[in-house]
Protein chains: 2
Amino acid sequence: MIELSDTNASAIAERFKALGEPMRLLLLEALRRGECSVGELAERTGGGQANVSKHLQVLLQQGYVDRRKEGTTSWYRITDPQVFKMCELVCGGLEEDLDRRRKLLRSRK
Amino acid sequence: MIELSDTNASAIAERFKALGEPMRLLLLEALRRGECSVGELAERTGGGQANVSKHLQVLLQQGYVDRRKEGTTSWYRITDPQVFKMCELVCGGLEEDLDRRRKLLRSRK
DNA sequence: AGTAAATACAACTAGGTAGTAATATAAGAA
DNA sequence: TTCTTATATTACTACCTAGTTGTATTTACT
């Protein structure tokens, strides 16, 4: 296992940061069903073409998605479904956090 | 399980974003051994007091750490060790990504 | 009271980044 | 070739945030 040392912290942070953007999470979710073109992704997420393309570059560079070119079309797909495990973990944390906040509110009444 | 819909994407992204900063990862790593004060954390991570304090607020607000006050000292601790599961997942992805890049380099020779 | 220590907060700066509009590039079709 | 389609890139704006400095707040000690 990689240690969370100074040198690695930046690289790891970069990977987390790539997921720290709503649009990129929506893109990953849209890609969950399978390979998808930029245009389709823009339509599904409601984002602009340029913006979607730029976000896909980030996900590509961080290795979350792969790309396959066919004519003028770029087909993107999830590289490793493990991403969704992370999303589930963070979702679990979210729910626990909400519970915690609810309890705090109750105890303050 | 929470769905990755438009409404949730922002909340989830916020949680990822909180981990997308080297200093905050270093703080979590430092807290791994156990409860720690702000001063100790600043010393261990080499960060300034104000900066460390500010990063801890982010981790606190996102529920990654808890705080306990004692005199003028604030003691911080990990709320849920699941965070490190996420770090391991992202580390695994990092290694796979490096492998992928190495293969690409070799195949391009 | 006065002083020191620990933390939080406010103000500021510099660098980063999301979103958009316009343009560039590339591949087909007419 | 010219037009159209799909994607990537550039330039720009507006906003956000990490880090720093200085200060306020709180507690403990003499």
Side-chain angles (χ1 to χ4, degrees), chain A residues 4 6-31 34-77, chain B residues 4 6-7 9-31 34-62 64-77:
Chain A
L4 201 45
D6 284 39
T7 39
N8 291 323
S10 294
I12 300 172
E14 282 304 308
R15 285 185 72 84
F16 277 123
K17 201 186 289 181
L19 301 182
E21 189 58 40
M23 175 60 81
R24 287 198 282 268
L25 292 180
L26 292 178
L27 288 170
L28 290 174
E29 177 67 18
L31 285 168
E35 206 176 38
C36 207
S37 72
V38 179
E40 283 173 344
L41 288 170
E43 200 177 348
R44 285 191 195 176
T45 60
Q49 179 267 321
N51 198 31
V52 165
S53 176
K54 231 170 50 172
H55 282 304
L56 286 169
Q57 305 313 306
V58 176
L59 293 173
L60 182 66
Q61 210 209 320
Q62 289 300 322
Y64 287 116
V65 300
D66 271 342
R67 181 174 55 186
R68 175 176 69 86
K69 295 202 177 188
E70 191 183 55
T72 65
T73 306
S74 285
W75 296 94
Y76 285 88
R77 66 177 183 283
Chain B
L4 201 44
D6 284 39
T7 40
S10 293
I12 300 172
E14 282 304 307
R15 285 185 71 86
F16 277 123
K17 201 186 288 181
L19 301 181
E21 190 58 41
M23 175 60 80
R24 288 199 282 269
L25 292 180
L26 293 178
L27 288 171
L28 289 175
E29 178 66 19
L31 286 169
E35 209 178 36
C36 206
S37 73
V38 178
E40 285 174 343
L41 288 170
E43 200 177 347
R44 285 190 194 176
T45 60
Q49 178 267 321
N51 198 31
V52 166
S53 176
K54 227 169 54 171
H55 282 303
L56 286 169
Q57 305 312 307
V58 176
L59 293 173
L60 183 64
Q61 211 211 319
Q62 289 300 322
Y64 287 117
V65 300
D66 272 341
R67 181 174 55 185
R68 174 176 69 87
K69 295 202 175 187
E70 190 183 58
T72 65
T73 306
S74 285
W75 295 96
Y76 286 87
R77 67 178 184 281

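Chain A is the first sequence line, chain B the second, and so forth, proteins listed ahead of strands; every chain is numbered from 1.
Rounded to an integer number of Å, the gap from B:Glu14 CD to C:dA18 P is 13 Å. If you take CD of B:Glu21 and P of D:dC16, they are 17 Å apart, rounded to a whole angstrom. In this structure, CG of A:Leu59 is placed 12 Å from P of D:dA8, rounded to the nearest angstrom. Remark: P of D:dT17 and CG of B:Leu19 are 15 Å apart, rounded to the nearest angstrom. Taking atom NZ of A:Lys54 as the reference point, atom P of D:dT13 lies 14 Å away to the nearest angstrom. Note: CG (B:Asn51) to C1' (D:dT21) measures 12 Å, nearest angstrom. In this structure, B:Gln49 atom CD and D:dT25 atom P are separated by 16 Å, rounded to whole Å. Rounded to whole angstrom, the span from the CD atom of A:Gln61 across to the P atom of D:dT9 amounts to 12 Å.
Nearest-nucleotide mapping onto DNA chain C: of A:Val58 and A:Glu70, the residue sitting toward the 5' end is A:Val58. The 5' end of DNA chain C is approached more closely, in terms of each residue's nearest nucleotide, by B:Val38 than by the other of A:Val52 and B:Val38. Heavy-atom distances to DNA chain D give each of A:Gly39 and B:Gly47 a nearest nucleotide, and the one nearer the 5′ end belongs to A:Gly39.
Side-chain contact check for B:Phe16 versus A:Lys17: every heavy-atom pair is 4.5 Å or farther apart. Counting only heavy atoms from C-beta outward, the side chains of B:Leu59 and B:Tyr76 never approach each other to under 4.5 Å. In this structure, A:Arg77 and A:Val65 have side chains that are not in contact, with every pair of non-hydrogen atoms separated by 4.5 Å or more. In this structure, A:Trp75 and A:Ser37 have side chains that are in contact, with non-hydrogen atoms separated by less than 4.5 Å.
OP1 and OP2 of C:dA6 both lie 4.0 Å or more from every side-chain N or O belonging to B:Tyr76. Phosphate proximity of C:dT17 to A:His55: absent, as no side-chain N or O sits under 4.0 Å from OP1 or OP2. Proximity of B:Arg67 to the phosphate of C:dT7: no side-chain N or O atom is located under 4.0 Å from OP1 or OP2. For D:dA8, one of the phosphate oxygens OP1 or OP2 lies less than 4.0 angstrom from a side-chain nitrogen or oxygen of A:Ser53. A sub-4.0 Å separation between OP1 or OP2 of D:dA8 and a side-chain N or O of A:Ser74 is present. Remark: A:Ser37 is in phosphate contact with D:dT7, judged by side-chain N or O atoms under 4.0 Å from OP1 or OP2.
Residue B:Gln57 places no side-chain atom within donor-acceptor reach of the base of C:dA8, judged by atom type and a 3.5 Å distance cut-off alone.
Of all nucleotides listed (C:dG19, D:dA8, D:dT27), D:dT27 comes nearest to the side chain of B:Thr72. Comparing D:dA8, C:dA21, D:dG19 against the side chain of A:Ala50 picks out C:dA21 as the nearest. Minimum atom distance to the side chain of B:Thr73 is reached by C:dA6, of the listed C:dA22, C:dA6, C:dA18.
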Self-check item: Steps toward salt bridge (Lys or Arg N to Asp or Glu O under 4.0 Å) verdict (B:Glu29, B:Arg44)
Solution: CA-CA 10 Å; B:Glu29 178 66 19; B:Arg44 285 190 194 176; over 6 Å; no
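The minimum heavy-atom distance between B:Met23 and B:Gly47, with the atom names listed, is CE-CA, 3.7 Å.
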